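The structure appears below as C-alpha cells.
Note that the structure is a prediction, hence the values are computed from the model and not measured. Numbers here simply count residues along the sequence, with the first being 1. Scope of the values below: all heavy atoms of this structure, side chains included, with no hydrogens, waters or symmetry mates.
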Amino acid sequence: MSTSSHMLHLLRLVEQDHIHITDANHVEQVLANLVAAGKQKLRVISDFDQTLSRYAVDGVRCPMSHDVIAQSSLMSEPTRVKVKKVVDYYYPKEISLTIPMSEKVQLMVDFWTQIHDIFLASDLNQQDISSTIHSNSPPLREGYNTFMSALHQHDIPLLVFSAGLGDVIQVMFAKYNVVYPNCRVVSNFMKFDDTGKLVGFHDPLIHIFNKNKSVLPDESYFTEQRERTNVILLGDSPGDLQMADGVPNVENVLKIGYLNAHLERLDLFTELYDIVLVEDETMDVVNSILEKIIDPSS
C-alpha cells in the first residue's frame with residue numbers, strides 16, 4: 001500500500017462503490033492534516049435539508065424543511081397545488097447546469113419569496129406549526145446521533161447553514177434529542193405576533209446561493225474561535241460550497257458532498273467536492289473521519 005493512500009484505506013474510503021474521490025492525493029493530504037492538527041483546530045459546517053436529514057426512505061422521497069409545512073394538513077388542497085406549481089417551475093432552474101449563476105440568484109430569491117408569501121397568506125400559527133413538525137418531520141441520516149453527540153462531547157463547533165426553515169430544524173433537533181450548545185443554526189426563521197400568528201420572516205432571506213458570511217447575523221459565528229482553522233464542510237449542492245467563506249485563516253477544508261439523486265451530476269460533484277457520497281443515507285463516512293480526528297489511535 002502506498003503511503004499516499006494510507007489514510008483512505010484506513011478509513012475504508014477507497015473500497016466502496018458509492019464513494020467517489022477524484023484527487024486521492026489531495027484528500028489523503030487534507031485528512032492527514034486534519035488528524036495531525038486534532039479536534040482543537042476543527043469546526044464543522046453543514047447544510048441541513050438532505051444533508052443532515054435523509055433524502056429518501058424505502059425509495060420514497062422525504063420532505064425538506066419547507067415541505068414539512070407546505071405539504072401538511074395546515075395548508076388547503078388548493079394551496080398545496082399552488083406550492084407545487086412554484087416548486088415545479090423553480091427547482092429545475094435551481095439544479096440546471098446551463099443557467100448562469102447571475103440569473104440563478106434572482107430566480108432563487110423569487111422562488112423563496114413566493115413560497116414564504118404563500119405561507120403568510122395561509123393563516124398559520126406557531127403552535128400548529130410546532131405540532132406539525134413533530135408529527136411530519138423527516139428522519140435524520142442514520143448515524144446522526146453519533147455525529148452530533150461526538151461534536152458536542154468534544155466541544156467541536158457545528159454551524160448548520162440552511163436555506164430551509166430554521167424553526168423546523170430546531171424543533172427536529174429537539175424531537176431527536178440533539179439540542180447541544182456547540183450547534184448554531186443559521187436559516188430562515190419565522191416571525192410571529194403576540195397571538196402566535198405567522199406575520200413574516202426574519203431578514204435576510206437565505207437561499208441556496210447566498211449561504212455565506214454575507215447572511216450571518218454577526219461575525220462571531222466564525223471569529224469567536226479563531227484557532228479553529230480546519231473545516232469539514234457537508235453539503236448536497238454546489239451552492240453549499242461557499243458556507244465556509246469567512247472562516248478566518250483557513251488551513252484545510254475537507255468538502256464532503258451527498259449526491260442524493262440526479263446522478264448525471266456526478267462529474268460536476270466530483271469536480272467540486274473532495275469526497276462524493278452517492279445515494280448514501282448515512283453519516284458513516286463523516287463519523288469515521290471524525291473518530292480518527294478525535295482519537296488518532298482509533
Side-chain angles (χ1 to χ4, degrees), residues 43-55 62-72 74 83 86-87 90-91 94 105 108-120 124 126 129-130 132-134 136-141 144 147-148 151 157-176 178-192 198-222 224 231 233-247 258:
R43 65 171 78 232
V44 179
I45 302 172
S46 180
D47 172 51
F48 180 78
D49 282 312
Q50 301 177 348
T51 298
L52 292 184
S53 68
R54 288 188 60 149
Y55 178 79
C62 296
M64 295 195 288
S65 53
H66 277 90
D67 300 332
V68 170
I69 296 167
Q71 297 175 0
S72 75
L74 295 178
V83 169
V86 173
V87 172
Y90 284 103
Y91 181 67
E94 175 187 314
V105 169
M108 292 305 100
V109 171
D110 296 343
F111 186 5
W112 262 249
T113 299
Q114 288 184 39
I115 294 294
H116 288 177
D117 285 347
I118 292 171
F119 281 24
L120 289 170
L124 301 173
Q126 193 169 17
I129 288 171
S130 183
T132 295
I133 298 167
H134 267 283
N136 297 332
S137 56
L140 300 179
R141 285 190 189 272
Y144 75 88
F147 169 73
M148 300 216 32
L151 295 178
L158 168 63
L159 173 61
V160 176
F161 211 155
S162 173
L165 284 178
D167 307 79
V168 173
I169 295 167
Q170 290 188 330
V171 172
M172 282 182 64
F173 282 166
K175 173 182 175 178
Y176 294 118
V178 286
V179 175
Y180 296 121
N182 67 306
C183 176
R184 303 177 79 171
V185 177
V186 173
S187 187
N188 296 298
F189 281 92
M190 298 175 173
K191 195 184 295 182
F192 300 94
L198 176 65
V199 293
F201 289 81
H202 291 280
D203 290 330
L205 175 71
I206 301 175
H207 56 77
I208 196 164
F209 296 122
N210 71 343
K211 291 164 64 175
N212 54 49
K213 64 180 180 180
S214 69
V215 296
L216 292 177
D218 59 74
E219 289 187 2
S220 68
Y221 274 73
F222 286 150
E224 275 177 355
V231 180
L233 183 149
L234 309 175
D236 76 315
S237 77
D240 290 331
L241 291 164
Q242 60 183 322
M243 294 188 298
D245 292 358
V247 175
Y258 284 95

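Looking at W112 and I206, their side chains never come closer than 4.5 Å, going by heavy atoms from C-beta outward. Looking at D47 and L234, their side chains never come closer than 4.5 Å, going by heavy atoms from C-beta outward. Using a 4.5 Å heavy-atom cutoff, the side chains of Y55 and D236 are not in contact. Using a 4.5 Å heavy-atom cutoff, the side chains of P217 and H202 are not in contact. At a threshold of 4.5 Å between non-hydrogen side-chain atoms, the residues S162 and I169 count as touching. You'll find the side chain of F119 reaches within 4.5 Å of the side chain of M190, heavy atoms only. Taking the side chain as every heavy atom from C-beta outward, Y258 and Q50 never approach each other to under 4.5 Å. Between L165 and V68 there is no side-chain heavy-atom pair separated by less than 4.5 Å.
Interatomic distance, OG of S137 versus NZ of K175, reported as 3.0 Å (0.5 Å rounding). Going from atom CG of L120 over to atom CD1 of I115 covers 11.5 Å, rounded to the nearest 0.5 Å. The structure places CG of L52 at 3.5 Å from OG of S46, a figure rounded to the nearest 0.5 Å. In this structure, the separation between CE on M64 and CG on D49 is 5.5 Å, given to the nearest 0.5 Å. Q71 contributes atom CD, which lies 12.5 Å from atom OG1 of T132 (distance to the nearest 0.5 angstrom). Within the model, atoms CG of L124 and CD1 of I129 stand 5.0 Å from one another, a figure rounded to the nearest 0.5 Å.
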Stepwise ring-ring contact (aromatic ring centres under 6.0 Å, His included) test for F173 and F48: CA-CA 11 Å; F173 282 166; F48 180 78; 5.8 Å; yes
Let's go through R141 and F147 carefully: what are the C-alpha distance in whole Å and the side-chain angles of both, what is the deciding distance for side chain to side chain contact (heavy atoms under 4.5 Å, CB included) to 0.1 Å, and is it a yes or a no? CA-CA 10 Å; R141 285 190 189 272; F147 169 73; over 6 Å; no
Side chain to side chain contact (heavy atoms under 4.5 Å, CB included) between V105 and H207, intermediate numbers included: CA-CA 8 Å; V105 169; H207 56 77; 4.0 Å; yes
Does the side chain to side chain contact (heavy atoms under 4.5 Å, CB included) test come out yes or no for F222 and L216, once each step is laid out? CA-CA 9 Å; F222 286 150; L216 292 177; 3.5 Å; yes
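Residue R43 forms a side-chain contact (heavy atoms from CB on, under 4.5 Å) with just one option from L159, V231, L233, and that option is V231. Screening L158, V160, V44 for a side-chain contact (heavy atoms from CB on, under 4.5 Å) involving M148 leaves a single residue, L158.
Under the 3.5 Å distance criterion, the side-chain polar atoms of N188 are left unmatched by any main-chain donor or acceptor of L205.
A pairwise comparison of heavy atoms in M108 and F209 identifies CG-CD1, 3.4 Å as the closest pair. Nearest approach of G235 to T51, heavy atoms of both residues: C-OG1, 3.5 Å. I133 approaches D167 most closely through the heavy-atom pair CD1-O, 4.0 Å. When all heavy atoms of G164 and S187 are compared, the pair lying nearest together is O-OG, 2.9 Å. Taking every heavy atom of both residues into account, G200 and L198 meet most closely at O-CD1, 3.4 Å. Nearest heavy-atom pair across N136 and S72 is ND2-CB, 3.9 Å.
With sequence neighbours excluded, the residues forming a side chain to side chain contact (heavy atoms under 4.5 Å, CB included) with Y144 are L140, Y176, V178, listed by chain and number. With sequence neighbours excluded, the residues forming a side chain to side chain contact (heavy atoms under 4.5 Å, CB included) with S237 are I208, D240, listed by chain and number.
Ring geometry for F201 versus H116: interplanar angle under 30°, hence parallel rather than tilted (30 to 60°).
Remark: K213 NZ is loosely packed, at most 12 non-hydrogen atoms of other residues, nucleotides or ligands lying under 6.0 Å away.
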